[in-house]
Amino acid sequence: MRLATEITLARAVGALSRRTGRGGGTTLPGKLLLRLDDAALSALALRLPEGAIVVSATNGKTTTCALAARVLGEGRTLAHNGAGANLLSGVAATLLAAHRADMALLEVDEAALPEVVRRVAPRVLALGNLFRDQLDRYGELESLAEAWRAAVAGLPASTRLVVNADDPMLGALALDRSGTVTYGVDDPAQARPSLQHAADSKYCIRCGAPYDYAAAYVGHLGDYRCPRCGHARPALTVAARSIALDGLAATAFDLVTPDGSCRVTLPLPGLYNVYNAVAAAALCHALGVPLAAIARGLEGAEPAWGRFERIAVDGKTVVLLLVKNPAGANEAVRTLLAGATPPRLALVALNDAVADGRDVSWIWDVDYEPLLAGLERVVASGGRAAELGLRFRYGGLDDAAIEVIPDLEQALDRALALTPAGGELVILPTYTAMLALRRVIAGRGHVRNFWDAA
Amino acid sequence: MSAIGGGDSGPGGDRRLVICHLYPEYLNIYADRGNIAVLSRRAAWRGIAVEVRSIGLGEDVPVGEVDLLYVGGGQDREQALVAPDIAGKADQLRAALADGTVLLAVCGGYQLLGRSYRDQAGAELPGAGILPLHTVAGPRRLIGDVLLDCELDPGDRHTVAGFENHAGRTLLDPGAEPFGRLVAGFGNDGESGFEGCRLGRALGTYLHGPLLPRNPWLADWLLVQALARRETAVPVLAPLADTFEHEAHAVAAQRARDRGGRS
């Protein structure tokens, strides 16, 4: 079959999938195309006049892409998989659906990255961080890191690499490839007093000695140096300095680049979003975007879906924070506590489908305790609600403060009933729990379906 | 590593326990601190004062003081970093067990307490040689929900629900006692039908999840064994309600029946 025919056929399948109510058609056309023609993805990527940008990370890839889309979407048509379909099939579907796109901006799953990069030959590859996440699916962190190292080693010379130098495993990639754009945070005032429990890369990737951290910002991300062999964070091309965190509302920082610096006010909360912003800035810088345009795009940002997304429901506000691994959950907790009034009620939802991770032990690696200290009530929900109940019980919360309601819709109704009129309900769901909760809320007419909202 | 819910419990009556957590900075991958939190809390709820100590690289096991030793799981890299150290502690560990100390080792810790671990490349990592077993890396990881049938005391049968994720195939010596019989899941080697190893008051298992929160009977069994080191009468623990524990156990057990032992 000719590529044009294959594309027409696959697109028709996507339209049919949406029309028959089977979903957003975000991956099915891609799956079909890949079945029809193994080389189709490379051919589609080659047709993009301004090439493809690939972004991957354990945490923050969706928000980083959303921020970069704000900047790069100015005067360009982007093919962007903003609905979260980030496996090979989702990437294929995105490239298929984008008629006459100038550039592709692709969020890619960590495990799918080597295969996508091999086929797409990106113009820029931006790598954000590697944290322990879904060990049952991704295997050990080290094997994923090894696959990334091999993917980077096999990149064509034309690909510009952008890495978060604050992650020791990624910083090392910059040392081996000239022309790499490095980014990170440079503000010891924001450092954590000590490495968190969920920190993963605490030991030197070269010699195994524990790193000395001049500053640890998020998990193991920070300014590290090995006292034994000297492996250290490389110099930063793009950095965030003089950071100011404004509770749940915003952050501000000096964006320092080789083209100059400027103060950026980012309408997203939390230090982890500063990382996402500086990642987006670094990848745009690698593409030659002027600093003023980068700052303008970042300042116009909106939360990606499910990332501190606020939805009005019956005179109350639901705040959705997707939580899927210890490092991300810790940042969600840290940010919630930075607000003017830390939450007294929360709905936490834990599912164990493949997309959530079948192994739920990660909830014990999350530092929930600072949040629990202020909670009067927590509603635990999802297929593994009772495990959350145990986590909170052994975390020191009184049994009477814990309600275990596995059914998500019932739990939502109960938590909303506990929320005072005009108040905010914080919801911390895993991936499929978030999809299900959004579906319930959408069914009541409060929010668009995710494939339209992205 | 920070503890869940504060770690040590306050002063209770005259009953007390010392728990030593080996290498918490290295071996902590499967939420091992959850097991420590369950032991501490369940002891504290019975008025038993608990002290939790960390034992790091190069530090001695306080034989004569320690009631319960815990060794968790790590990724290959961290496991290789602690292997020579734990092999060097073999005499201390043996002395502690002879003194009545209870030992619980999970996943990587379980492998490290055996004689050796042979990785994919054929390199042999020495272990402490405390448990009668050795481990050989297999071609693919054994990942999934597990359900066990256990009878640690004759006639006292219980189930254990957990999650396994290991490349190692652990082979027990002839005559060695397993921790449990598989109802669902891969277990020690994916073939024998057994999981873990039990040697007196020492237990080794691949099961995390973590192991103890949803298997409260096992947590209490370990506490009773640990108390027996100090108490002359057979230790008794007041029963707890354990509503969430039983609910979580039931769901995890069903998951194992539905999807355990397949990959």
Side-chain angles (χ1 to χ4, degrees), chain A residues 132 134-145 194-205 207-210 326 350 352 354 357-370 372-373 380 382-397 399 402 404 406, chain B residues 1-6 24-26 28-42 57 73-81 140-141 143-145 162-165 167 207-214 216 241-252 254-255 259-260 263:
Chain A
R132 68 172 78 172
Q134 299 184 22
L135 294 159
D136 60 307
R137 176 162 156 240
Y138 293 113
E140 299 193 351
L141 197 59
E142 185 52 38
S143 54
L144 196 56
S194 63
L195 273 183
Q196 287 165 281
H197 175 71
D200 289 303
S201 302
K202 292 184 283 198
Y203 304 100
C204 178
I205 59 160
C207 77
L350 176 65
D352 65 350
V354 169
R358 290 181 299 160
D359 179 359
V360 296
S361 60
W362 64 272
I363 61 171
W364 294 83
D365 281 331
V366 179
D367 293 324
Y368 286 111
E369 279 67 16
L372 299 182
R384 304 303 289 271
E387 304 273 349
L388 280 174
L390 288 175
R391 175 66 187 84
F392 302 142
R393 167 169 153 88
Y394 286 100
L397 204 60
D399 282 0
I402 307 166
V404 172
Chain B
M1 191 194 73
S2 54
I4 285 171
E25 297 299 324
Y26 291 85
N28 59 32
I29 187 151
Y30 292 121
D32 291 290
R33 66 177 179 170
N35 288 326
I36 300 291
V38 169
L39 292 168
S40 301
R41 289 261 176 209
R42 295 184 74 80
L57 293 178
Q75 309 204 43
D76 283 352
R77 198 161 147 246
E78 278 79 17
Q79 224 165 295
L81 289 172
R140 63 187 180 91
R141 297 189 76 85
I143 304 173
D145 299 273
F163 199 92
E164 64 184 324
N165 184 349
L207 268 58
H208 63 269
L211 175 68
L212 298 179
R214 63 171 91 111
D242 291 339
T243 315
F244 300 151
E245 284 83 347
H246 294 142
E247 201 175 328
H249 181 95
V251 174
Q254 194 54 48
R255 289 290 192 279
R259 66 187 191 186
S263 54

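Letters A, B, ... are given to chains in the order of the sequence lines, protein chains preceding strands, and every chain is numbered from 1.
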**Request:** Would you mind checking which part of A:L388 comes under 4.5 Å of any heavy atom in chain B, side chain (CB onward), backbone (N, CA, C, O), both or neither?
**Result:** neither

**Prompt:** Which bit of B:A252 is near chain A, if near means a heavy-atom gap under 4.5 Å: side chain, backbone, both or neither?
**Reply:** both

**Prompt:** Should the pair A:R393-B:E245 be classified as a salt bridge under the 4.0 Å nitrogen-to-oxygen rule?
**Reply:** yes

**Fill in**
Tightest non-hydrogen contact, residues A:G383 and B:R255, listed as O-NH2, 3.9 Å

**Message:** Just verifying a value: how many Å separate B:L81 CG and B:E25 CD, rounded to the nearest 0.5 Å?
**Reply:** 13.0 Å

**Contact origin within B:N35 toward chain A - heavy atom pairs under 4.5 Å** = neither

**Request:** May I ask you to say whether A:R391 pairs ionically with A:E369, meaning some side-chain N is under 4.0 Å from a carboxylate O?
**Result:** yes

**Request:** Return the option, out of A:V360, A:D352, A:V404, with the maximum number of heavy-atom pairs under 4.5 Å with chain B.
**Result:** A:D352

**Asked** Out of B:P210, B:G34, B:A167, B:A250, which one racks up the most heavy-atom pairs below 4.5 Å with chain A?
**Response** B:P210

**Message:** Applying side-chain hydrogen bond (donor to acceptor under 3.5 Å, both in side chains) to B:H208 and B:N165, what does each step give before you reach the verdict?
**Reply:** CA-CA 9 Å; B:H208 63 269; B:N165 184 349; 5.8 Å; no

